[in-house]
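Written out below as structure tokens is the structure these notes cover.
Ligands are counted one by one from 1 in listed order, and the atoms in each one are counted from 1 as well.
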Amino acid sequence: MTTNENQNQNQQNKQSHLFSNYARWPLAIVRGEGHYVWDEQGKKYLDFVSGIAVTSLGHVPPAVKARVQAQLDTLWHSSNLFQHPLQEQLAVELCALSGGLDRVLFVNSGAEANEAAIKLVRRYMHSIRGQKERYEIITFEQSFHGRTLATLTATGQAKVKDGFAPLPEGFVTVPYQDMEALKQAITPGTAAIMLELVQGEGGVNPADADWIKQVKELCGQHDLLLVIDEVQTGIGRTGTWFAYQQYDILPDIVTIAKGLGSGFPVGAIMAREYLAEAFSAGTHGTTFGGNPLAMAAGLGTLETIRDQEILDQVQRTGTYFMQKLSELKQHSPLVKDIRGKGLLIGVAMAMPVARVIELAREKGVLLLSAGTNVLRILPPLTVTTQEIDHAVGVLASVLEEVQKEAESNIAGGSEEVKSPVR
Ligand code: PLP
């Protein structure tokens, strides 16, 4: 958010009855269809935010809509007191796609899935292994795992923890991709290593394949569980069902959420059977988790990705998008790095990206940030090359404009374009 936008927001906050915990952009989206959304004035935007990696099939995807609509006429909620055929069905599909995980527990969000993963690690060591002293989880700098007390403690970003002490114990954070630091952090109390294969919120940082191979070996040597947070990367975002499938590993625990419900809130924790047993009846639960409407959305999402061969599309369009951005980088000194996997793409810039996001929005393209200096691009998985060309064209003209603003600011004696971001 730029300085002007911040001032406007402060004004709006004074009039609102909502908490002011979100730095919202000055735009209300009231309708979405396919790859586009419309604001209250009827202005149309190409949506490359996708609700932060959620509406992966575009807005109101027909097969998902049909499933949810049919479910709306049948049953909205029964509770986890009862059997759930739709949970069983979605769990069977997810396990088959995972290549080796056998059990699924449905929840409502990414943080809730990670909270469950943390609890499962502790409970497994405590109750199945009888190793009560082993509860420590090693996580990484720049990671993001959620906003509950345990998941924000696991998160490797100080700003997320500020003011929430005392935090739960049992977490150690080391630099990402630093093998020595990781080895040194392991103690007899270590139970698990938890990581994102592409750090999303932390700047779009993909893990190196060799490092992940070594992490997996280290887990084997020290009898540690490997927890992979696929909340942002999972369900096709990187070009495979799960990002770990590109690293040739099978984690012990995987968490998913965002893209699973095409916009319907749903999350899940997936694990091997021997681990899942640690959550015996009564040890963990949720009222809404695995709700029939969420299950219908999840089934419709998987069916669409499979039927339309969307994973192949993501691999092709992801490569195309990266190429186009690399060409842009050659012409713009403001672009420092292009990185990512599939359609989770980061453009690291020499300056805060808030102004770039603002100008792109004015030109009808929605983009977001990952930290202060990284532009994050999350198009629908069904994005076309024409839409990519259009967005890259808009970005090129925005960068020219920002460059000119920066030059005129310097000529006029003021500092470079500075603006706070979300
Ligand atoms: N884990 C990762 C990798 C995420 O990107 C996010 C959200 O951005 C979360 C966990 C938290 O998910 P939620 O916001 O659904 O609680």
*Is the closest side-chain donor-acceptor distance between Y320 and D389 under 3.5 Å?*
yes

*Examine the side chains of Y45 and D39 and answer whether a donor and an acceptor come within less than 3.5 Å of each other.*
yes

*asked:* Regarding Q232 and E201, do their side chains bring together a donor and an acceptor under 3.5 Å, going by distance alone?
replied: yes

*asked:* If only side-chain N and O atoms count, and only distance matters, is there a donor-acceptor pair under 3.5 Å linking T139 with T173?
replied: yes

*Give the contacting part of N114 toward ligand 1: side chain, backbone, both or neither, where contact means a heavy-atom distance below 4.0 Å.*
side chain

*Answer yes if the side chains of N114 and T151 hold a donor-acceptor pair under 3.5 Å, and no otherwise.*
no

*asked:* Tell me the protein heavy atom at minimum distance from atom 1 (N) of ligand 1, and give that distance in Å.
replied: D229 OD2, 2.8 Å

*asked:* Taking R134 first and then E136, would you say they form a salt bridge - that is, a charged N and a carboxylate O separated by under 4.0 Å?
replied: no

_ligand 1 versus E112: contacting region, heavy-atom distance under 4.0 Å_ = neither

*asked:* Less than 3.5 Å apart, any donor N or O on the side chain of Y135 or E169 sitting next to an acceptor on the other?
replied: yes

_Shortest protein heavy-atom distance from atom 15 (O) of ligand 1, along with the residue and atom involved_ = G110 N, 2.8 Å

*Specify side chain, backbone, both or neither for K258, according to which of its non-hydrogen atoms lie closer than 4.0 Å to ligand 1.*
side chain

*Nearest-neighbour protein heavy atom for atom 5 (O) of ligand 1, which is reported as residue plus atom name and distance*: Q232 NE2, 2.8 Å

_Atoms of ligand 1, numbered as shown, that sit under 4.0 Å from any heavy atom of H145_ = 1 (N), 10 (C)

*For ligand 1, is there an N or O atom under 3.5 Å from any N or O atom of E196?*
no

*Looking only at side chains, do T238 and T233 share a donor and an acceptor under 3.5 Å apart?*
no

*Is A111 in polar range of ligand 1, meaning some N or O pair under 3.5 Å apart?*
yes

*Please determine if F144 has a nitrogen or oxygen closer than 3.5 Å to a nitrogen or oxygen of ligand 1.*
yes

*Relative to the heavy atoms of V231, which atoms of ligand 1 are at a distance of less than 4.0 Å?*
1 (N), 2 (C), 4 (C), 6 (C), 9 (C), 10 (C), 12 (O)

